[in-house]
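These notes are about the structure you will find just below.
Here the structure is a predicted model, which is why all the values come from computation and not from measurement. Proteins get letters first, then strands, A, B, ... in listed order; numbering begins at 1 in each.
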Amino acid sequence: MIAKVIVDVPTSQTDRLFDYAVPKEWENVIQPGIRVVVPFGPRKIQGFVIDLEKESTLNKIKPIEDVLDVVPVLTQELLELGEWLSEQTLSFKLSAYQLMIPAAMRTKVKKEIVLLTERQNLPASLQNYFEPGKKTLWSDVILDQKANLKLVQELVREGLLEVRYQVEEKGHKKTARYIKLADPNVQLEEIPTRAAKQREIVDFLKESIEPISVQDLLKKLQTTRQVITALVKKGYIHEFEKEVYRDPLAGVQFEQTTPLPLTEQQQQVIEPILDSLVTKQHDTFLLHGVTGSGKTEVYLQAIDKALQLGREAIVLVPEISLTPQMVQRFKGRFGSKVAVLHSGLSMGEKYDEWRKILRKEVEVVVGARSAIFAPFTNVGIIIIDEEHETSYKQEENPKYHARDVAIFRGSYHQCPVILGSATPSLESYARAKKQVYQLLPLTTRVNQRAMPAVEVVDMREELRNGNRSMFSYTLLEMLKDRIEKGEQSVLFLNRRGYSTFVMCRDCGYVATCEHCDISLTYHRTQHSLKCHYCGHEEKMPNTCESCGSDHIRFFGSGTQKVEEELTRVLPTARVIRMDIDTTRRKGSHERLLSAFGRGEADILLGTQMIAKGLDFPKITLVGVLAADSMLHIPDFRSAERTFQLMEQVSGRAGRHDLEGKVIIQSYTPDHYSIELVKSHDYEHFFKMEMSQRKVALYPPYVFMVLINISHPELTKVITVSEKIASFLKREMQESTTTILGPVASPLARIKDRYRYQCMIKYRNEPRLLETLREIQQHFIRDMNQGQLQVSIDMHPYMFT
DNA sequence: AGCACGCCGACT
DNA sequence: GTCGGCGTGCTC
């Protein structure tokens, strides 16, 4: 029996199956999806068993050395999915499989030197590195003193030393000491009356069914370790190690909720979903529901049905909206059947949540993008909430989109996939219109409240009227009004595309990074200038580097600056600021939000992170300070993003009894992406935007591929880019496919590397993946030893 | 990725 | 003559 193995070496040369002999004793143990340790060249590494076969075509086959899992960590489905994913994203199979297991299970290989003789037999210079009973790390010996390498090599040859490779997982299972009665029928009378505490413990253990950890017992019975030790010594109880889960939500109480009665509309949209659940049909639904229309309740009841049918559910939520409020709703309905996976958890916590899924201890997983790979085997429903969110696309290799993976899995399990959004992506909505997805509209809010009134303020007009501050008269008046009434306001500053750069007022010189073609950002806390791309940091200059003038000013407005301005114009206002700076510490996000929820501030000022999930009854005003900052980013989706964001932010106001109002400040108030927020008219926006996309030939009218080429030398980048572009032009169908470029990337240099890009727009190109593989293959050499990077992004979202 | 093999320059 | 630089190619 031989095993086909993908080894843990992420290079294109090793991106294929390797054959290993399965030792006789392990023939029933080793199955596809299990991780093993295999010899690879002179070392040992981890590998995934993909397949088993009777025999190999090769004659020199090494045996599998060790087995890392008892149960396969990748199901047959996930093995197939990984194969498909690596094909679709042009990445290594290994990288696809590594996506599917928690980081804690990835292994590192330790290289150690073992002493096979007495220390005295070694040359004096090496003796100090070896201590009896201790392991010696290769790196300790060699990195210390370069000359050691030769010495060690010789000693290995002579048989005095040996080099060993130790494959270790990064994470560990957490264990705790547990105790149980040695004999469950033990008589209490056997224990002397004077040993009151011992009796108490035995009595307690007799009553309890589950074993209890030593820690918990000590706390519960208010006693000490000695008592237990005594009982163990006498043989009444046994002590043992038991694996425990790290519970990120320990101590949090979840209020049990029951299904709410559905509105007529909700009833209408849930029926087709339940239908395809029951008949085991793979349908993709686009649930288009305005904010507050009760999408989540539809999800919950659909999941409930799936669980009743004995099947599992995967729910994806964008990282930033994976707030305690959201988790609460799922935990509240399904209790301990839910596993939660997001980046806020420690590596160990993620590991534990993941193993709950593998062991079938949960039936629902709620998580960010990578939760789509949850190792369930009987998936009944997959839900992607806020499906338009760009965070569902991974920007690193493998550059996959969770939506595509969801549909793969939905088709595998013949189950429904629900994409939910108030502002669907153009791609999804277009597919729904073409009946590829089934459109399910929810047009009214559950509580029958109207959507908040939106007023767009023309900031050019304000300027003409002599208002040079960042707050319009209207917004300022409204803010004052809310403070007087004791109601709350949210101020939203979209900083993407904007930053606080530094410019000389005399000569116009802008401080830029010396390694990247981008302006430096001023950081007030350290009074320094930082580059957002490479992390380069320099002191804030006092005079202009170019002309020596001391008229240096900060431009752009960060939240800090808005906050200062706010306290100047509204001195009585209590403001909570939420941005990367104030939420860096773990848990501070929740702390600030709950403080605001308790009414400890009048105004919540923040960036993107407050656009989602915020739901407090006293918020009656939402202000957007610079609506068009996103609109001018050179990206064909900028209008779509602007509309989505404005709608999202508007949804924060007046969700409960009090009526809400939204003020949007803009320098381009007539642009349809801003104008149409007033009427909350998605359909209209869709039509407008689609006609733009049609003219300029952008998705959903075409598919796109972005090829990014970078190298420290500009000439090299240009020659490679041109080669790629002309190759593509030769290979692709001229009539329906367009090759754009090569052109310099919007960010033409990052970390001293010049960047060029080529773009492919196509409708139907059967040979596309094959051709792209050829390009990858062709430049392998330059990529391995040279500094060349060629990255290919199918269906890109980021064009920098 | 690592590591060995192998072919050219500067040294005890 | 050798030591060691890193280009090339292989790992079941």
### Message
Rounded to whole Å, how long is the line connecting atom CD of Gln98(A) with atom C1' of dA1(B)?
### Response
13 Å
### Distance in angstrom units between Arg16(A) CZ and dC12(C) P, rounded
10 Å
### Message
Rounding to an integer number of Å, can you tell me how far Gln13(A) CD sits from dC3(B) P?
### Response
16 Å
### Message
In whole Å, I'd like the distance from the CE atom of Met1(A) to the P atom of dC12(C).
### Response
21 Å
### Message
Are there over 12 heavy-atom neighbours, none belonging to His778(A), within less than 6.0 Å of that residue's NE2?
### Response
no
### Query
Has Lys62(A) got a side-chain N or O lying under 4.0 Å from the OP1 or OP2 atom of dT11(C)?
no
### Query
Across the strands shown, which category fits Ile61(A) at heavy-atom distances under 4.0 angstrom: base, sugar-phosphate, nothing?
sugar-phosphate
### Task
Would you kindly give the CD1-to-P distance between Ile780(A) and dC10(C), to the nearest whole Å?
13 Å
#### Entry: Neighbours of DNA chain C within residues 25-49 of chain A, by heavy-atom distance under 4.0 Å
Pro39(A), Phe40(A), Gly41(A)
### Query
What integer distance in Å separates Leu58(A):CG from dC12(C):C1'?
6 Å
### Query
Any Lys/Arg nitrogen of Arg637(A) or Glu427(A) sitting under 4.0 Å from an Asp/Glu carboxylate oxygen of the other?
yes
### Residue pairs passing the side-chain hydrogen bond (donor to acceptor under 3.5 Å, both in side chains) test where at least one lies in residues 88-106 of chain A, sequence neighbours excluded
Thr89(A)-Ser91(A)
### Task
Determine, using ring centers only, whether Tyr400(A) and Phe408(A) are less than 6.0 Å apart.
no
### Message
Working note: Glu765(A) + Thr737(A), criterion side-chain hydrogen bond (donor to acceptor under 3.5 Å, both in side chains); need CA distance, chi angles, decisive distance, verdict.
### Response
CA-CA 8 Å; Glu765(A) 194 63 71; Thr737(A) 300; 2.4 Å; yes
#### Entry: Arg355(A), Lys350(A), Lys356(A) screened by salt bridge (Lys or Arg N to Asp or Glu O under 4.0 Å) with Asp352(A), the one that passes
Arg355(A)
### Message
Measure NZ/Lys111(A) against P/dG2(B) and give the value in whole Å, please.
### Response
9 Å
Just list the side-chain donor-acceptor pairs under 3.5 Å for residues 50-57 of chain A, sequence neighbours left out, or say none.
from	atom 1	to	atom 2	distance (Å)
Ser56(A)	OG	Asp19(A)	OD2	2.5
Ser56(A)	OG	Leu58(A)	N	3.0

### Query
Once you round it to whole Å, what is the distance between C1' of dC12(C) and NZ of Lys4(A)?
9 Å
### Query
Is Ser56(A) touching bases, backbone alone, or none of the nucleic acid, heavy atoms closer than 4.0 Å?
nothing
